[in-house]
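Below: the structure, in structure tokens.
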There are 2 protein chains.
Amino acid sequence: MDNFIAHILVVDDDDGIRSLVKKYLNENNFLISTANSAEDAAEKIKIVKFDLIILDIMMPGKNGLEFIQENKKKIDTPIILLTAKGEANERVVGLEIGADDYLPKPFEPKELILRIQNIISKTKKNDLKRVIEFKNIKIDLNKNLIIKNDLEYKINNTEKIILEKMINNPGKTFTREDIGLQIDSDKERSIDVIITRLRKKIEIDPKNPKFLQTIRGSGYVLWIE
Amino acid sequence: MDNFIAHILVVDDDDGIRSLVKKYLNENNFLISTANSAEDAAEKIKIVKFDLIILDIMMPGKNGLEFIQENKKKIDTPIILLTAKGEANERVVGLEIGADDYLPKPFEPKELILRIQNIISKTKKNDLKRVIEFKNIKIDLNKNLIIKNDLEYKINNTEKIILEKMINNPGKTFTREDIGLQIDSDKERSIDVIITRLRKKIEIDPKNPKFLQTIRGSGYVLWIE
DNA sequence: AATATAACTTACCTATTATGAAAGAACTTT
DNA sequence: AAAGTTCTTTCATAATAGGTAAGTTATATT
């Protein structure tokens, strides 16, 4: 009974809906937490890492869209929006600013489950790599180590956060802003410097980076293969 | 402007909606065919391979759900369902039997586009060529590299944009204006220069271009084979 | 063949962007 | 409090993009 599929945060100001959804999802093996406002939710996601957030758009105080705008980049938890029926405009905005899916009210509980499973399966299938190896380099995020030519280099927390993101999105270009959000810094110069340091550890020839490359005008990419 | 993103079949018994959707999607670079019934659609998919089907559920004769059940397994074209508002039940059934997404009426055209792009990108991602090889040349748009005779040449963003277009439309002549639009330049001479630079990287004998050829008075073509 | 038009090439210039080193500030650990 | 880390700042230098100009070459037109 304690073997849950996923931990979901349900954000809705309506007590009825919250408890209804909670009850139904509980019966279907999801672990549910709830929040009754965007502010409440913002607090909770600081503490717990959820697998999914179900978010009502219309709420007193901050609404769902505002919540997404403020938090989506920092967290990468998928979000399903609950929209009032017919509110096509809100759905558009929601998807544009980063919701992963939406569900127009009223919805069948069964549909909610389908949508949830769809999203969870997407995000769970690439479970995160912690140890990778390529060429003569081994990166071990569990031990905070990079091993290059049998030499061990320690990586600190910042470096680890960046590497973790990049390793799990090889080939994806990260802007300095992207990286900054992860490590909670808005100093672009600092990010340059951190990249330089990383290169010293990860690259065979740090002056001619093969793996951690610059995309001029855009940011940085990690190539592994 | 014969360069469509995707070929879409719109199935709806309502003339108004059909032509409206067709018009809007046309303006957004989709090639649209229409069918006014499930039966009609069934005929058309026998002949043409569409990239996507937009399907109204409620139609006289066979309805959308029946259409899916009878055809989904044979074809692997993704389907977006148009559902009447509030018909949660139909949505559930639709998703269960194989629709890929649904759109509750009324919808914003913009939302339709978003949904379409979402699905197309999933299915087409692997179709858009990012790495191609011919003769002794390999173009890797992911890594921004051209490899010729085992020598690596970096390509910058401008070159990449041009190459990407050309690679995905080999044999098509691009005017300088076409190219200029892509790279946001209206300087024809500049484009000459960029082509020259590209040839140095891509051609075995840049003075006698085999791949990136001039169509005098018109523009340039890329031949790959 | 003479002329006009179009395309190519080279070299140069400027603005932008990235890098590297070094030193100080902020934070942790001992 | 001292020592060690890590982040930030600054600044000088380097690399790159992409446009311009001008002479050269190729192609078409008469």
Side-chain angles (χ1 to χ4, degrees), chain A residues 143-146 152-164 166 173-223, chain B residues 141 143-146 152-166 173-223:
Chain A
K143 296 185 182 167
N144 301 330
L145 277 182
I146 293 176
E152 293 190 348
Y153 300 83
K154 277 195 214 166
I155 52 179
N156 66 33
N157 205 248
T158 310
E159 293 165 338
K160 181 172 164 177
I161 291 169
I162 294 173
L163 272 182
E164 182 158 16
M166 292 189 138
T173 301
F174 289 84
T175 63
R176 289 189 179 69
E177 200 194 346
D178 289 339
I179 297 171
L181 277 169
Q182 298 299 324
I183 62 172
D184 203 41
S185 159
D186 57 355
K187 314 289 154 46
E188 304 222 325
R189 278 329 92 231
S190 296
I191 290 163
D192 296 356
V193 175
I194 293 170
I195 293 290
T196 304
R197 289 203 283 257
L198 259 174
R199 280 181 178 148
K200 289 198 179 131
K201 299 176 187 176
I202 213 180
E203 293 286 350
I204 295 165
D205 176 5
K207 302 254 180 188
N208 287 42
K210 275 267 180 293
F211 312 121
L212 192 41
Q213 292 200 330
T214 303
I215 308 298
R216 183 172 238 261
S218 307
Y220 299 96
V221 203
L222 180 68
W223 293 110
Chain B
L141 294 181
K143 293 191 175 179
N144 302 330
L145 277 182
I146 293 176
E152 292 190 349
Y153 300 84
K154 276 197 212 165
I155 54 180
N156 65 33
N157 206 249
T158 310
E159 293 165 340
K160 179 172 163 177
I161 291 168
I162 295 173
L163 272 182
E164 183 158 17
K165 268 279 161 199
M166 292 190 137
T173 301
F174 289 84
T175 64
R176 289 190 179 67
E177 201 192 347
D178 288 340
I179 296 172
L181 276 171
Q182 299 297 325
I183 63 171
D184 202 41
S185 160
D186 56 355
K187 315 286 157 47
E188 305 223 325
R189 278 329 92 229
S190 297
I191 291 165
D192 297 358
V193 174
I194 293 170
I195 293 290
T196 301
R197 288 174 184 147
L198 259 175
R199 282 181 177 147
K200 285 196 182 136
K201 299 175 185 174
I202 213 180
E203 294 286 350
I204 295 165
D205 177 5
K207 303 256 180 187
N208 287 44
K210 276 266 181 295
F211 312 122
L212 191 40
Q213 294 199 330
T214 303
I215 307 299
R216 183 169 235 263
S218 308
Y220 301 95
V221 204
L222 180 68
W223 294 110

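Lettering follows sequence order; numbering is per chain, from 1.
- Note on A/Arg199: a side-chain N or O is less than 4.0 Å away from OP1 or OP2 of C/dT19.
- Side-chain nitrogen and oxygen atoms of A/Arg176 include at least one within less than 4.0 Å of the OP1 or OP2 phosphate oxygen of C/dA18.
- With hydrogens and angles disregarded, no donor-acceptor distance shorter than 3.5 Å links the side chain of B/Lys160 to the backbone of B/Ile155.
- Checked against D/dA21, D/dT8, C/dC12, the side chain of A/Arg197 finds its nearest nucleotide in D/dT8.
- In this structure, A/Lys201 places its NZ atom 11 Å from C1' of D/dT5, rounding to the nearest Å.
- Across the protein-nucleic acid pair, B/Asn144 atom CG and D/dT16 atom C1' stand 14 Å apart, rounded to whole Å.
- For the pair A/Lys187 NZ and C/dA25 P, the computed distance is 15 Å after rounding to whole Å.
- Residue A/Tyr220 places at least one side-chain N or O under 4.0 Å from the OP1 or OP2 atom of C/dT19.
- Sequence neighbours left out, the pairs with a member in residues 178-216 of chain B that pass ring-ring contact (aromatic ring centres under 6.0 Å, His included) are B/Phe134-B/Phe211.
- Using a cutoff of 4.0 Å between basic side-chain nitrogens and carboxylate oxygens, A/Lys143 and A/Glu152 are not scored as salt-bridged.
- Remark: B/Thr196 is not in phosphate contact with C/dA7, judged by side-chain N or O atoms under 4.0 Å from OP1 or OP2.
- Regarding B/Glu188, its CD atom lies at a distance of 12 Å from the P atom of C/dC8, rounded to whole Å.
- Judged by distance alone, with hydrogens and angles left aside, B/Arg216 brings no side-chain donor or acceptor close enough to the base of D/dA28 to form a pair under 3.5 Å.
- Across the protein-nucleic acid pair, B/Leu198 atom CG and D/dG18 atom P stand 11 Å apart, rounded to whole Å.
- Distances from the side chain of A/Lys200 to the nucleotides C/dA21, D/dT20, D/dT9 place C/dA21 closest.
- B/Lys160 has its NZ atom 12 Å from the P atom of D/dG18, to the nearest Å.
- In this structure, A/Thr214 reaches the C/dT19 phosphate: one of its side-chain N or O atoms is under 4.0 Å from OP1 or OP2.
- Atoms CD1 (B/Ile191) and C1' (C/dA7) sit 13 Å apart, rounded to a whole Å.
- Distances shown here put a side-chain N or O of B/Lys207 below 4.0 Å from the OP1 or OP2 atom of C/dT10.
- Taking side-chain N and O atoms only, B/Asn157 has no distance below 4.0 Å to OP1 or OP2 of D/dA17.
- No donor-acceptor pair under 3.5 Å is formed between the side chain of A/Arg216 and the backbone N or O of B/Asn156.
- Checking each of B/Leu198, B/Ile194, B/Ile179, B/Leu163 against B/Thr158 for a side chain to side chain contact (heavy atoms under 4.5 Å, CB included) leaves exactly one that passes, namely B/Ile194.
- The residue A/Lys154 sits apart from the nucleic acid: no heavy atom pair falls under 4.0 Å.
- Residue A/Ile195 contributes atom CD1, which lies 16 Å from atom P of D/dT6 at whole-angstrom precision.
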